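Given the structure is predicted, the values throughout are model-derived calculations rather than measurements.
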Amino acid sequence: MHRTALRPARWQRWLLASTGALLLASGGLWLALHYSVGAGTDALPHPAESGCMRLHGAAAFFALFGAGLMAGHHVPAAWHLSKRPRQRGQRHSGLVLCGLFLLATGTGYLLYYFAPETWRPALGWLHSAVGAPMVLAGAWHGRCKHHQRNLQGSA
């Protein structure tokens, strides 16, 4: 299988990158507003918090769509190709990225539908601690691909 057949289309890469940026920005802004100075236990939520969560939830649906696109072709085809020693780094970074995505999706689902009030703060911090590094994992995965292209081009 040719390596360009594995590369997602430009619109798919744009969807994943822009959705990831929107998730990071909306989640980070919510954290900043929710835990800002003056936001004590008796304080009312900041008026923009609900808008941040609505935007974060909408972006999460697009992220799920993008993940479905990747799961349908890119992941299985790349998994087969990454058995070759030169592509092994892509498998590791892809596994980390998929694992973080599953954890972020699971913790987000729990927060929205099932978390008792006593668990919400800890689960929210876990969700943030998993979601934020996904940006780094995505960049790492893209770098591995770029590095592999450079190696293949020089061989």
| query | Can you tell if the side chain of W79 reaches within under 4.5 Å of the side chain of L95, non-hydrogen atoms only? | reply | yes

| Any chain of hydrophobic side-chain contacts (each under 4.5 Å) joining V135 to V130? | no

| task | Determine the minimum heavy-atom distance between A59 and L22, stating which atoms define it. | result | CB-CD2, 3.8 Å

| Less than 4.5 Å apart, any side-chain heavy atom of L69 and any of P8? | no

| message | Using the side-chain contact (heavy atoms from CB on, under 4.5 Å) definition, which of the options H73, H74, M70 pairs with Q12? | response | M70

| task | Answer whether the closest heavy-atom distance between the side chains of L15 and F65 falls below 4.5 Å. | result | yes

| Distance from T19 atom OG1 to L24 atom CG, nearest 0.5 Å? | 12.5 Å

Please table the atom pairs, donor to acceptor, closer than 3.5 Å between any side-chain atom in residues 106-117 and protein atoms at least two apart or in another chain.
from: T107; atom 1: OG1; to: L103; atom 2: O; distance (Å): 2.9
from: T107; atom 1: OG1; to: A104; atom 2: O; distance (Å): 3.2
from: T107; atom 1: OG1; to: H127; atom 2: ND1; distance (Å): 2.7

| query | Are S128 and L31 side-chain neighbours, meaning at least one heavy-atom pair lies under 4.5 Å? | reply | yes

| said: With rounding to the nearest 0.5 angstrom, report the CG to OG distance, L55 to S50. | reply: 11.5 Å

| Taking every non-hydrogen atom, the tightest pair across P76 and A71 | CD-O, 3.4 Å

| Any link between L29 and F62 through a network of hydrophobic side chains (Ile, Leu, Val, Met, Phe, Trp, Tyr) touching at under 4.5 Å? | no

| request: Might you point out which heavy atoms bring A63 and L23 nearest each other, and give the distance in Å? | output: CB-CD1, 3.8 Å

| query | How far does OG1 of T105 sit from CG of L64, to the nearest 0.5 angstrom? | reply | 5.0 Å

| Can V75 be reached from V96 by stepping across I, L, V, M, F, W or Y side chains whose heavy atoms are under 4.5 Å apart? | no

| field | Neighbour count above 12 (heavy atom, 6.0 Å) for R54 CZ | value | no

| query | From H46 NE2 over to C52 SG, what is the distance, rounded to the nearest 0.5 angstrom? | reply | 8.5 Å

| field | M134 side, atom CE; C98 side, atom SG - distance, nearest 0.5 Å | value | 9.0 Å

